[in-house]
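Throughout, protein chains are lettered first and strands after them, A, B, ... in sequence-line order, and every chain is numbered starting at 1.
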2 protein chains.
Amino acid sequence: MNNNDKISPAVIRRLPKYYRYLGELTKMGLNKTSSRELSEMTGFSASQIRQDLNNFGGFGQQGFGYDVENLRNEIARILGLDKKYKIIIIGAGNIGQAIANYTGFYEADYEVVALFDKNPKLIGMSMRNALIKDIDELEEFLNVENIDIAVICTPKSVSQQVAEQLVQCGIRAIWNFAPKDLKMPDYVHVENVHLNESLFSLTYYYNQMNKKKSE
Amino acid sequence: MNNNDKISPAVIRRLPKYYRYLGELTKMGLNKTSSRELSEMTGFSASQIRQDLNNFGGFGQQGFGYDVENLRNEIARILGLDKKYKIIIIGAGNIGQAIANYTGFYEADYEVVALFDKNPKLIGMSMRNALIKDIDELEEFLNVENIDIAVICTPKSVSQQVAEQLVQCGIRAIWNFAPKDLKMPDYVHVENVHLNESLFSLTYYYNQMNKKKSE
DNA sequence: AAATGTTTGTTAAAATATAAGCAGGAGGCA
DNA sequence: TGCCTCCTGCTTATATTTTAACAAACATTT
């Protein structure tokens with residue numbers, strides 16, 4: 001944290017993985033590790049791991065390695081996992097419901113506060129303590145509640161409009177599951193999960209392998 | 001396709017995006033485009049787009065541009081979207097069901113043939129023509145049916161074991177939603193969708209913005 | 001206490017990915 | 001036709017990312 005230069009996105013994408021493996025080490029009862037060991041677990045080179053971590057400060061000890069719990073806490077702090085976040089989900093269809101019910105965000109404090117949809121059949125239902133509300137109540141809701149992250153799970157046709165509405169109400173972090181690239185101002189961060197693009201890539205490599213096999 | 005060198009993964013990840021935007025151009029009734037126009041739409045540089053496409057052959061015409069439909073078909077062929085794929089989903093929980101019901105794979109021919117789970121309450125239910133079967137029937141099923149892609153939506157604790165079973169039965173393409181890095185032989189391609197890592201990255205950037213704002 | 005083996009933090013080099021630049025072909029239009 | 005503009009395909013330059021290398025710090029053993 002002593003270094004305020006912009007950290008490469010590639011580094012940021014690797015941090016959650018380190019965090020996860022450090023959690024596994026903890027579960028295994030180990031309290032000391034090394035870049036070499038982490039390299040074997042993650043598949044990243046030991047050199048890269050050391051360099052990644054040193055972007056934020058020297059957490060290790062020469063000749064010894066890293067203290068598992070300490071390093072994990074440091075990464076949590078860097079990512080911000082030591083804080084609580086309130087989430088809303090726009091679009092309570094398949095994906096929206098799956099996210100609301102997803103238990104995989106363990107070890108971090110994300111709370112789904114509400115879902116929004118325009119389908120009257122869904123409005124009023126609740127998912128894990130979170131109520132599905134009418135999309136028309138969105139603005140009013142955001143004016144009262146303090147929400148950190150909004151998840152867009154709407155059809156792509158309305159995703160841009162929904163995103164703009166969110167931003168207007170103060171949202172600055174969007175997790176986007178609609179197959180669409182949202183045009184947003186610089187001060188909004190959008191993290192995309194484009195499932196179709198992911199599947200299309202997989203399809204490409206699947207065919208490449210088959211091609212190779214038949215050569 | 002004249003070039004058999006390995007194409008960079010970065011290029012492959014961009015192709016689905018080109019494909020999507022070409023589809024939008026078609027919908028808008030345009031039959032001609034250019035790298036400059038695609039650049040404005042996608043946010044990638046025109047130069048990069050031209051270079052990406054030229055990995056696979058010259059689809060454009062100097063002084064004119066690209067024929068939208070032709071280029072779209074070429075990309076579809078490169079990715080393999082001109083073929084049909086049979087999919088099974090292992091784990092019929094939140095995510096598994098969401099994928100089964102997901103209609104966003106339009107314009108490509110993916111068919112979810114079956115889901116597998118061990119929960120007796122789920123077994124026998126059907127999602128969009130696909131039946132949820134007992135996980136114990138998986139091997140037998142794979143010996144009879146010809147499946148292209150398996151989607152892992154199980155808890156992470158069993159994901160590795162399930163993956164190994166799939167590979168043993170001939171599966172070579174895995175779309176993995178479990179928060180775990182599967183150890184697989186080289187001839188298996190795994191495409192990961194690590195939702196927690198994605199959310200953690202978003203969290204980092206969210207905090208960075210707040211930090212900047214308060215400085 | 002000295003010698004030896006580890007492992008970090010950091011710097012330098014290599015590899016990869018992205019952007020810029022430009023020659024030449026194609027279309028449009030006077 | 002001849003001139004002008006546009007746009008690709010390719011080559012060269014820049015930027016980014018990854019890997020390699022190594023001195024200094026610490027732990028362990030003798």
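Judged by distance alone, the side chain of B:Thr203 and the main-chain N or O of A:Leu79 form no donor-acceptor pair under 3.5 Å.
Between B:Phe141 and B:Phe116, the ring planes lie perpendicular to each other; the angle is over 60°, past the 30° to 60° tilted range. The aromatic rings of A:Phe200 and B:Tyr110 lie parallel to each other, with less than 30° between the two planes, well short of the 60° mark. Using cut-offs of 30° and 60° on the angle between ring planes, the pair A:Phe44 and A:Tyr18 is perpendicular.
Side-chain proximity of B:Pro9 to C:dA17, C:dT18, D:dA21: nearest is C:dA17. If you check C:dT10, D:dG9, C:dT18 against the side chain of B:Asn54, the one that comes closest is D:dG9. Taking every side-chain heavy atom of B:Ala10 into account, C:dT18 is the closest of C:dA12, D:dT17, C:dT18.
Following rounding to the nearest Å, B:Asp67 (CG) and D:dC7 (C1') show an atom-to-atom distance of 15 Å. Taking atom CG of residue A:Asn55 and atom C1' of nucleotide D:dT17, one finds them 12 Å apart after rounding to whole Å. Atom CG of B:Leu53 is separated from atom C1' of D:dC10 by 14 Å (rounded to the nearest Å). For B:Asn70 and D:dT8, the CG to P distance is 14 Å, given to the nearest whole Å. In this structure, A:Arg50 atom CZ and D:dA20 atom P are separated by 11 Å, rounded to whole Å. To the nearest angstrom, P of C:dA17 lies 11 Å from CD1 of B:Ile7. Remark: C1' of D:dG9 and CG of B:Asp52 are 13 Å apart, rounded to the nearest angstrom. Atom CD1 in A:Ile49 sits about 17 Å away from atom P in D:dT17, given to the nearest Å.
Each of A:Arg13, A:Arg20, A:Arg14 was compared with B:Glu197 under the salt bridge (charged side-chain N to carboxylate O under 4.0 Å, His left out) criterion, and only A:Arg20 meets it.
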Please lay out, stage by stage, how A:Lys27 and A:Glu24 fare under the test salt bridge (Lys or Arg N to Asp or Glu O under 4.0 Å). CA-CA 5 Å; A:Lys27 234 178 255 167; A:Glu24 289 185 14; over 6 Å; no

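At a cut-off of 3.5 angstrom, the base of D:dT8 holds no donor-acceptor pair with the side chain of B:Gln51.
Backbone-only contact: A:Ser45 has heavy atoms under 4.0 Å from sugar-phosphate atoms and none from a base.
For A:Ser35, no side-chain nitrogen or oxygen approaches OP1 or OP2 of C:dT7 to under 4.0 Å. Residue B:Ser47 places no side-chain N or O under 4.0 Å from the OP1 or OP2 atom of C:dT18. Within the 4.0 Å cut-off from OP1 or OP2 of D:dG9, at least one side-chain nitrogen or oxygen of B:Tyr66 is found. OP1 or OP2 of D:dC7 has at least one side-chain nitrogen or oxygen of B:Arg36 nearer than 4.0 Å. Here B:Arg13 does not reach the OP1 or OP2 of C:dA17: none of its side-chain N or O atoms lies under 4.0 Å away. Contact between the side-chain N/O atoms of A:Arg14 and the OP1/OP2 oxygens of D:dT18 is found at a separation under 4.0 Å.
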Let me have a per-nucleotide readout for nucleotides 24-30 of chain D, 5' to 3', with B, S or -, counting only protein heavy atoms under 4.0 Å. BBB----

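For the pair A:Arg72 and A:Tyr19, the cation-pi test (distance below 6.0 Å, angle within 45°) is passed.
From A:Glu191, atom CD reaches atom CG of B:Leu195 across 10.5 Å, with rounding to the nearest 0.5 Å.
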